[in-house]
Amino acid sequence: MPATLFDPARRADSGHLWHPWSPIRSDSPRLFLTSGEGCRVTDDTGRSYLDLRAGTLNATVGYGEQRVVDAIARQARQLMTWDLAEVATEPAALLAERIAALCPQGLSRTLFCNSGSEGVEAALKIARMFHWITGDKERTVVASWADGYHGATTAGIAATGAAFRRDGAGPLPEGFLHLATPRCAACAAGAPGHECRVPGVGEWEAQLAAVGAHRVAAILVEPVLSVGGVVVPPDGTLAALRALCERHGILLIADEVATGIGRTGHMLGFQHDLGDGTGPDIVVTSKGLAGGYAPLAAVTVREDIYEAFADDPYLGGLRHGHTTGGHATSCAAALAVLDIVEGEDLPARAAAVGRAVREQLSADLAGNPAVREVRGRGLLIGVETSSIGAAQDVAALAQRAGVLVRAFGPVLTIAPPLVITEADALAGARTVVDALHAVGGAR
Ligand code: PMP
């Protein structure tokens, strides 16, 4: 490793920093990033990489975006934050109004949190407390797809099926039910030559009946499963879930932490199925909301859900919140990000560029033995490889060639900043294809 200006920080990192979701013993040196501009990031040796993963899917408007930086600096100087339990602040109020305008489905009240996990946690508590306050005290069960990911906090992992995320952290809270993921199990297992069967509302209705649908408080789903391997449910799935929820008095919660704010080609991922007429009862957004410039999550609910909390016997309001939830500088960042997302119609761009990338990947990868499937919606694209090892090898090879992609299990996730040009996205995808050919040829 060449000596760089950042060597003291590298030593500090290896001596003191505990990296989340990361093996402690690893042979590959950790990438050390020092700056970013547009869709590229630079490491401590001065090498530049095209970021096809938008950091952690959050850098939606790219790096070094002056309009966001200025908004943060202005707000930090003026009033960095104050406790929203006690006071109002301009950026939080204006952002809540702005989010309501993005949700023509009648979602009009927003509670702010700091991270996706906190947002999901708050949404689940709101759903359960709503039923409790309105006299339906038996409704406590939360149902979610087994392969979904809903955050790292205790309720988040209880709602998440993967043993990798749960084991050893128990006892987990009760009242969680894992529904069959809307994906063909034989395809997921890589079985050759079978008839596909995707679980749907019939299975879910039966699973709810087994615990008693009258006990179910909420169904919590991602419009496209992100961490679970970019699983795209069949068209109409959310509409069917909406109807299921209405049949049984269950609240529908859309976890749009990854899909929200343009990623899937719509401002909110659920709009693919549900349009403007109807929507979930609660939606959680986070990653793209402040574009990675500041921590922020929004939990946005229907007005009547909000109003019900006036009857809470202890407070006459929501007994939940965080010191920095709705931090004024985070909200100022989000307002500047939304100016860009809306002003440059980034959802439409995500749809168009995403289609072009998927088409190129499908054409270039046909017949590659290391590739099982190319899928996705908008700029949330998954390339399912034949094994976890193959995906990791491809990500490492692509990084060596100057392109960053993320490997989740056997699936490579391609999810660049939404501001990426089609030419850059296609060039980056070609590097990934080359890496897949190198790995496919080697296996
Ligand atoms: N829900 C979904 C759908 C996510 O993708 C994530 C993060 N990957 C979370 C929740 C948790 O968000 P955070 O990491 O900000 O806590």
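A salt bridge links E205 and R247; the closest N-O separation between the charged side-chain nitrogens and carboxylate oxygens is under 4.0 Å. Look at E344 and R349 and you find no salt bridge, because none of the NZ, NE, NH1 or NH2 atoms lies under 4.0 Å from a carboxylate O. Using a 4.0 Å cut-off between charged nitrogen and carboxylate oxygen, R197 and E203 count as a salt-bridge pair. We find that R406 and D51 are not joined by a salt bridge, their nearest charged nitrogen and carboxylate oxygen being 4.0 Å or further apart. Remark: D235 engages R377 in a salt bridge, criterion side-chain N to carboxylate O under 4.0 Å.
The salt bridge (Lys or Arg N to Asp or Glu O under 4.0 Å) test applied to R242 returns E246, D281, not counting sequence neighbours. Taking H131 as the reference, nothing meets the ring pair (Phe, Tyr, Trp, His ring centres under 6.0 Å) condition, with sequence neighbours excluded. Residues satisfying the ring pair (Phe, Tyr, Trp, His ring centres under 6.0 Å) test with H248, not counting sequence neighbours, are none. Y149 meets the side-chain hydrogen bond (donor to acceptor under 3.5 Å, both in side chains) test with no other residue; sequence neighbours excluded. S28 meets the side-chain hydrogen bond (donor to acceptor under 3.5 Å, both in side chains) test with S26; sequence neighbours excluded. Every residue two or more places apart in sequence or in another chain that forms a side-chain hydrogen bond (donor to acceptor under 3.5 Å, both in side chains) with T110 is listed here: T300.
Counting heavy atoms from C-beta on, the side chains of R98 and E342 come closer than 4.5 Å. At a threshold of 4.5 Å between non-hydrogen side-chain atoms, the residues V68 and I340 count as touching. In this structure, the side chains of T413 and V405 stay at 4.5 Å or more apart for every pair of heavy atoms. Counting only heavy atoms from C-beta outward, the side chains of I253 and V221 never approach each other to under 4.5 Å. The side-chain heavy atoms of P234 and T237, taken from C-beta on, include a pair separated by under 4.5 Å. Using a 4.5 Å heavy-atom cutoff, the side chains of C196 and C187 are in contact. Counting only heavy atoms from C-beta outward, the side chains of V61 and Y293 approach each other to under 4.5 Å. Counting only heavy atoms from C-beta outward, the side chains of V141 and L208 never approach each other to under 4.5 Å.
The minimum heavy-atom distance between R375 and E373, with the atom names listed, is NH1-OE1, 2.6 Å. The two residues A122 and L111 come nearest to each other via the heavy atoms CB-CD2, 3.8 Å. Among all heavy-atom pairs drawn from P173 and A155, the shortest one is CG-CA, 4.4 Å. The minimum heavy-atom distance between A333 and A290, with the atom names listed, is CB-CB, 4.4 Å. Considering every non-hydrogen atom in both S286 and S115, the closest pair reads OG-C, 3.8 Å. Contact record, A54 with P417: CB-N, 3.6 Å, taken as the closest heavy-atom pair.
Here the options are I126, L107, V301, L318, the test is side-chain contact (heavy atoms from CB on, under 4.5 Å), and the partner is Y306; only V301 passes. Evaluated for a side-chain contact (heavy atoms from CB on, under 4.5 Å) with C39, the options T421, I420, L418 yield exactly one hit, I420. Checking each of L52, V371, V394 against L412 for a side-chain contact (heavy atoms from CB on, under 4.5 Å) leaves exactly one that passes, namely V394.
Checked by atom type and distance alone, the side chain of T134 pairs as donor or acceptor with a backbone atom of F130 at under 3.5 Å. Judged by distance alone, the side chain of R128 and the main-chain N or O of T140 form a donor-acceptor pair under 3.5 Å. A donor-acceptor contact shorter than 3.5 Å links the side chain of T385 to the backbone of P410.
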Practice task
For the pair R302 and S108, evaluate side chain to side chain contact (heavy atoms under 4.5 Å, CB included) and give the outcome as yes or no after the intermediate values.
Solution key: CA-CA 6 Å; R302 281 199 333 253; S108 56; over 6 Å; no

Practice task
Could you walk me through whether S22 and R30 pass the side-chain hydrogen bond (donor to acceptor under 3.5 Å, both in side chains) test, one step at a time?
Solution key: CA-CA 10 Å; S22 189; R30 192 179 287 282; 2.9 Å; yes

Exercise for the section: Any chance you could lay out the side chain to side chain contact (heavy atoms under 4.5 Å, CB included) test for L241 and L238, step after step, and finish with the verdict? Expected result: CA-CA 5 Å; L241 271 181; L238 284 193; 4.0 Å; yes

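With values rounded to the nearest 0.5 angstrom, L365 atom CG is found 9.0 Å from Q360 atom CD. For the atom pair L124 CG and I282 CD1, the distance stands at 8.0 Å (nearest 0.5 Å). Between I414 atom CD1 and R358 atom CZ the span is 11.0 Å, to the nearest 0.5 Å. Atom CG of L251 is separated from atom CD1 of I219 by 10.0 Å, given to the nearest 0.5 angstrom. A distance of 10.5 Å separates CZ of F6 from CG of L33, quoted to the nearest 0.5 Å. To the nearest 0.5 Å, the span separating CG on L379 from CD1 on I381 amounts to 5.5 Å.
Residue pairs meeting the ring-ring contact (aromatic ring centres under 6.0 Å, His included) criterion with at least one partner in residues 184-205, sequence neighbours excluded, are W145-W204. The stretch residues 171-192 participates, sequence neighbours left out, in these side-chain hydrogen bond (donor to acceptor under 3.5 Å, both in side chains) pairs: D147-T181, R183-E384. Sequence neighbours left out, the pairs with a member in residues 255-287 that pass ring-ring contact (aromatic ring centres under 6.0 Å, His included) are H266-H272. Each side-chain hydrogen bond (donor to acceptor under 3.5 Å, both in side chains) pair with one or both residues in residues 152-162, not counting sequence neighbours, appears once here: E121-T153. For residues 376-412, the set of pairs meeting the ring-ring contact (aromatic ring centres under 6.0 Å, His included) definition, not counting sequence neighbours, is empty. The list of side-chain hydrogen bond (donor to acceptor under 3.5 Å, both in side chains) pairs with a residue in residues 209-229, not counting sequence neighbours, is empty.
Within a 6.0 Å sphere centred on CZ of F309, heavy atoms belonging to other residues, nucleotides or ligands number more than 12.
If you check the side chains of T45 and D43, you find a donor sitting under 3.5 Å from an acceptor. If you check the side chains of T324 and N114, you find a donor sitting under 3.5 Å from an acceptor. Between the side chains of H437 and N368, at least one donor N or O lies within less than 3.5 Å of an accepting N or O. Between T285 and E256, the side chains place no donor N or O within less than 3.5 Å of an acceptor N or O (distance only, hydrogens not considered).
A cation-pi geometry, defined here as NZ or CZ lying under 6.0 Å from the six-membered ring centre and within 45° of its normal, does not hold between R10 and F32. Geometrically, R139 does not engage W132 in a cation-pi contact, judged by NZ or CZ lying under 6.0 Å from the ring centre and within 45° of the ring axis.
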